[in-house]
Structure formats: C-alpha cells, structure tokens
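Note that this is a predicted model, so its numbers are computed, not measured. In the text below, chain A, chain B and the rest are named by the order of the sequence lines, each starting its count at 1.
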Amino acid sequence: MGRPPQELFDNGLALICAKDANNHYHYANSRFIETFGSPDGVTDADLFPAAVAGRLRQHDAQVIASGKARLDEEHIPIDDEDRVYLFNRFPIAASDDGPVLGIVAFEVTQRARAEENLLSSRALFEGILDIAADAIVSIDEQQRIALFNQGAERIFGYRACEVLGQPLTLLLPPSMRPMHQRHVEQFERSGGAARQMGERGGILGRRKDGTVFPAEASISRIERDGRATYTAILRDVSVQQEAERSIQALNIDLKQRAAQLESANRELEAFSYSVSHDLRAPLRSIDGFSQVLIEDFFESLPEEARDSLRRIRGASQRMSQLIDDMLTLSRLTRGNVTRRDIDLSAMASAIAGELQADQPDRAVTFQMAESVRAMADPHLLDAVLTNLLANAWKFTSRHETARIEFGSAIDAKGRTVYFVRDDGAGFDMAYADKLFGAFQRLHARDDYSGTGVGLATVQRIVHKHGGEVWAESAVEQGATFYFTLE
Amino acid sequence: MRPILLVEDNPDDEKLTLRALAKNNIQNEVITARDGVEALAYLFGDGNQPAPAMVLLDIKLPKVNGIEVLRKIRQSDKTKFVPVVILTSSKEDQDLIAGYELGANSYIRKPVDFVQFTEAVRQLGLYWLILNEPPR
C-alpha cells in the first residue's frame with residue numbers, strides 16, 4: 001500500500017492535528033485551519049480563550065503522560081457561540097522533536113444540545129410526577145408496576161421500591177380485581193388512547209395497611225415498539241365523599257329545622273290571632289261594665305268609687321293598647337324584607353304632615369333633608385320613620401316650640417347613617433341600653449304616653465335589614481336616633 | 001220595622017251591644033244568634049221570617065263561623081242585599097279580606113273603650129238603618 005492521499009485528511013468532516021510535548025502544532029488539516037485558524041507557529045493560548053486553552057492543554061498532558069487514548073467533549077466558542085467537539089486524543093510514538101499527540105475531532109454541538117434538552121425535560125417530567133398530589137402509576141404489559149410517583153406513595157402508603165415490578169393487583173382490593181380485568185380488556189379492544197374511570201365513584205383502591213378507599217382515575221395507553229404501557233392518574237376521593245355526605249346530612253338537618261321553624265311560626269301566628277281576639281273580649285267586658293256602673297249608678301256612687309271605676313277603665317284600655325302594639329311588633333317582624341329603592345325624604349315629610357294635622361296647634365319646625373333614598377322594605381321603613389318621628393313629636397310636646405330634623409350622613413366606615421333629631425326632653429344616656437327593649441319606658445306615663453314598643457319595633461326592623469340603631473341624648477338637650485341599613 | 005240580627009257568642013258582648021243600641025234609641029227588635037248555626041236557622045229556617053234590616057256579625061263563632069254565614073247570606077236571593085256589618089275583635093288581614101271579598105258592607109273592630117263602642121253603634125244605626133237606602 002502506498003502513502004495515504006492528502007484528500008483522506010482534508011476532505012472529510014474530521015478536524016485533524018498533531019502536537020508536540022510543548023503544545024506546538026506540527027500538523028493541522030484544512031478543516032482544522034478553516035475552523036480554528038492556522039496553528040502554524042502558535043500555541044492553543046493564541047488560538048483560544050485562556051480557559052479553553054488551559055483545559056485543552058490539561059487533557060493533552062494526560063494523554064501524553066498516560067500514553068492512553070481518550071475521548072472528551074470540548075466546549076469551544078466560535079463567534080461567541082458555544083460549540084461542542086468530540087476530541088479523540090491518542091499518543092504518537094515520539095521521534096526527535098516530533099509530535100507526540102494526535103487529535104481527531106468532530107463537531108457534535110447539535111447532538112449535545114439534544115441530549116441537554118432531553119435531560120432537562122426528563123427533570124421537568126420527574127419534578128411534575130413528584131409534586132403531583134394524585135397518584136401516577138404505570139404498568140407494563142404484564143400488569144407489573146413500572147412507575148410509582150410520590151403522590152402514589154402518599155395515597156397507597158407503599159414506597160416506590162416496595163412495589164416496582166410487583167403486580168398491579170397489589171393496589172386493588174380483591175373485590176375490584178375482576179372489574180379491573182374487564183376494564184383492561186375493554187380498553188385493549190377499544191383501541192382508544194385515554195379514558196376516564198370512576199367518575200361516578202365505583203373505583204376502589206387498597207392501601208398498604210389494607211384499608212380500601214374510593215377513587216377517581218383516568219387511564220392512558222402509550223404504545224412503543226409494539227408494547228403498551230398503561231398509566232393511571234388516580235385521586236383519593238374519600239375526603240371529598242365524606243364532605244359530600246356531611247353536606248347532605250347538614251342539608252337534611254337544615255330542612256328539618258326549617259320545617260320546625262315554619263311550624264313554630266304558624267303556631268305563633270295562631271297564637272297572635274287568638275291573643276288579638278280572646279284577650280280583648282274580657283277587656284271589653286271590664287271596660288264596658290265599669291262604664292255601665294258609672295252611667296247607671298253615678299249619683300249613688302261615692303267619688304272614690306267613681307275614681308276606681310275610671311282607673312279600671314284606663315287600665316283595660318292601656319292593656320288593649322299593649323296587646324295591639326305587641327301584635328304590630330310581631331306582625332311587622334314576621335314577614336320577609338322586600339327591598340326596593342325608596343324615597344325616605346318623601347316618606348318622612350308625609351309622616352310629619354300627618355303629625356302636624358293631628359295637632360295643628362303645636363309650633364314645630366320640620367327640617368327634612370332632600371333626596372334621601374334607601375334600598376329597603378318600604379312598609380317596614382315607614383314603621384321606623386313613623387315611630388322615630390312620632391317619638392320626636394311626643395318628646396318635644398312640653399316645649400313651646402320645637403325643631404325636628406331628618407337627614408343622612410356618611411360615617412367613617414363609609415356607611416350611610418340616617419338620623420332623626422329633636423330638641424325635646426331627651427334622656428339620660430345612663431339608661432341608653434334600656435332604650436330598645438320591648439315595654440321599656442324611660443319617662444313616667446303621666447308625662448308622656450306610650451307602651452314602650454315603638455323603639456323595640458324600630459330596632460327589630462333595622463336588624464332585619466342588617467343595620468344598627470343607636471341614640472345620643474342628654475336630659476332636656478334633645479335626642480338623636482341614628483340607624484344604618486346594610 | 002224589620003229586626004236587627006245580632007250574631008254574637010259572647011254574652012257580655014251581647015249585653016253591651018244591646019245596651020249600646022238601646023242607648024242610641026234604635027227601636028228595631030234585636031234577634032240574637034249565639035253561633036253560626038242559629039244565625040242560619042233564623043235566616044233560612046221554616047219560620048218564614050222577613051229578612052233582617054241589618055246583620056251585626058262576629059267572625060269567630062262556634063260551629064259555623066261568621067265568614068261562612070256571610071257567604072250564605074250573599075248566596076240567597078232573600079238576603080243578598082241585607083247590610084252586613086262585621087263586628088269583631090280581629091283585625092287580621094285574612095279576616096278583613098275574606099269579609100270584603102264576600103261582600104260585607106262594613107268591617108268594624110270593636111273598641112275596648114265602651115264609650116267609643118257606643119258611639120260606633122250609634123253611627124252604624126244612623127247610617128245603615130236611616131241614611132242608607134236599600135233596594136225594595
């Protein structure tokens with residue numbers, strides 16, 4: 001055989017060179033020169049950045065010292081781009097000052113990148129597998145477990161190393177095994193790639209400690225090299241089912257309570273009805289026959305007896321008023337709140353007009369803010385304003401002149417606060433907590449009439465609207481009643 | 001003068017109503033029925049009595065209640081134009097509505113104050129027995 005033709009070195013993709021022990025190049029083929037530049041009379045330190053040159057030199061030295069060939073991936077930047085070359089270094093028998101190291105190199109940048117991508121996507125995939133809360137289990141064609149993620153470890157209680165290679169039936173309660181077999185066969189026949197299972201329950205799993213739990217699963221099939229791998233993503237729904245059961249139980253309980261409440265309400269209504277009818281009848285008799293005595297025996301009755309009869313009549317009429325107020329309170333607060341956009345200013349003015357018409361002799365100035373509106377039950381709000389304005393009217397009655405104000409303002413919490421203010425008798429704030437109790441009165445009956453139900457009614461209505469009611473006052477300094485409506 | 005039919009189960013209320021009628025010089029005879037059955041027996045019985053000039057009707061009655069009595073009164077040609085004044089303790093919406101729906105002429109809630117009650121009876125007598133012109 002003759003000498004190798006020069007084309008053998010120059011026309012292939014390989015970069016070929018030879019170096020001596022001092023890192024001087026003795027030969028470089030044209031591919032090498034094209035790629036890295038001519039090494040004639042220079043060293044690696046001239047051809048490459050310092051860090052690259054240092055690494056190349058280090059690998060060179062190892063081959064020279066050991067006398068053994070080696071393969072290395074070398075990262076060498078060209079035009080700022082990282083290229084990867086596979087360097088095959090091998091020793092050459094030394095002659096005087098001749099080369100001692102041969103290098104044949106190929107660029108493998110693309111393959112190296114592909115490998116890197118593969119590694120990082122595998123890391124990503126494994127990360128996803130591990131953080132998944134669901135159990136992810138793959139089985140091979142022999143129904144043996146091939147993959148078992150951390151979610152599966154948590155749900156089933158097995159470590160992956162305990163189950164890999166074991167039959168899948170390990171994870172199924174015995175009752176599920178025939179069903180599982182049918183599923184597998186159906187899946188194989190159907191040829192589909194994925195399906196849901198156990199959407200309506202019915203899939204059961206078995207933990208390491210033997211307990212059985214309800215699950216939902218979806219299954220996919222991947223075929224590779226003619227072999228199918230099944231992967232199941234499985235969720236433990238025992239907590240969900242437990243929650244659903246307790247919600248159902250609560251619902252049933254709630255319905256029963258609602259029914260009880262409804263029947264209690266009906267009883268209350270029947271009670272109210274009979275109170276209004278039955279309690280008033282004897283009061284009519286007491287009042288009526290007392291009046292009969294006064295009319296028929298007026299002359300023969302001593303003044304003390306007449307006074308007693310008048311007191312009996314007064315008491316029966318007050319009791320009648322109490323019954324009426326109580327019934328009104330219960331009727332107003334029994335129904336639902338039907339909210340509508342209402343003009344409170346107009347409502348308050350109408351009530352003020354009625355008060356004035358009832359007692360035209362009184363000198364009362366009404367100051368009504370305009371365009372005060374609210375989303376509230378019109379019927380109930382009319383009762384609130386009627387009570388508050390009638391109270392203001394009543395508790396200013398001992399003054400020559402009076403001033404009653406209605407308006408609204410925005411408070412620090414951004415709520416609309418409505419108010420009714422008067423400059424009348426007022427009350428001692430020490431008793432403010434008693435103000436809204438039913439049948440509570442802060443003034444002597446001889447001074448101001450009333451049964452003490454009005455403010456209790458106001459409070460109930462405001463509370464039904466999700467609002468608050470309170471008052472500010474001082475004796476003979478007037479009173480202001482505030483309320484909010486959520 | 002045709003009689004007044006007072007349908008009232010409470011003897012005290014009956015006595016007080018009779019007194020109020022007398023006090024106001026209402027001269028009509030007053031027939032008292034103490035439950036719904038007695039009222040219907042008087043109105044539609046064999047006695048062939050004339051239709052009353054006015055019926056004062058309580059609602060809550062033993063056996064047959066006042067609303068039922070009112071319905072029968074309005075269904076009969078003999079009594080359909082007779083003025084019926086419901087005189088009761090109740091001011092429940094359901095009773096008011098049932099009363100007016102069945103054609104009651106007035107609905108009065110008996111005041112506890114007997115002076116007021118007497119005045120109410122006076123006005124009723126004046127209006128329904130004297131001022132009001134019934135069809136012949």
Considering residues, nucleotides and ligands other than [X], do more than 12 of their heavy atoms fall under 6.0 Å from its [atom1]?
| X | atom1 | answer |
| --- | --- | --- |
| B:Lys78 | NZ | yes |
| A:Arg311 | CZ | no |
| A:Glu400 | CD | no |
| B:Phe44 | CZ | yes |
| A:Arg373 | CZ | yes |
| A:Glu303 | CD | yes |
| A:His463 | NE2 | yes |

query: For chain A, which residues from residues 96-110 of chain B have at least one heavy atom closer than 4.5 Å to it?
result: B:Arg109, B:Lys110

query: chain A contacts: which residues in residues 12-23 of chain B have a non-hydrogen atom closer than 4.5 Å to it?
result: B:Asp12, B:Asp13, B:Lys15, B:Leu16, B:Arg19, B:Lys23

- prompt: Looking only at heavy atoms, what is the nearest atom pair of B:Ser89 and A:Arg284, with distance?
  reply: OG-NH1, 3.0 Å

message: Please rank A:Ser290, A:Ser285, A:Ala281 by heavy-atom pairs under 4.5 Å with chain B and give me the top one.
response: A:Ser285

- prompt: chain B: which of A:Leu283, A:Asp324, A:Ile286 shares the most heavy-atom pairs with it under 4.5 Å?
  reply: A:Asp324

query: Quick one: CG on B:Asp113 to CD on A:Gln321, what's the gap to the nearest 0.5 Å?
result: 11.5 Å

field: Between CD on residue A:Glu295 and CZ on residue B:Phe114, distance to nearest 0.5 Å
entry: 6.0 Å

field: Region of B:Thr118 that comes under 4.5 Å of a non-hydrogen atom in chain A
entry: neither

query: Relative to chain B, which segment of A:Arg313 carries a heavy atom at a distance below 4.5 Å: side chain, backbone, both, or neither?
result: side chain

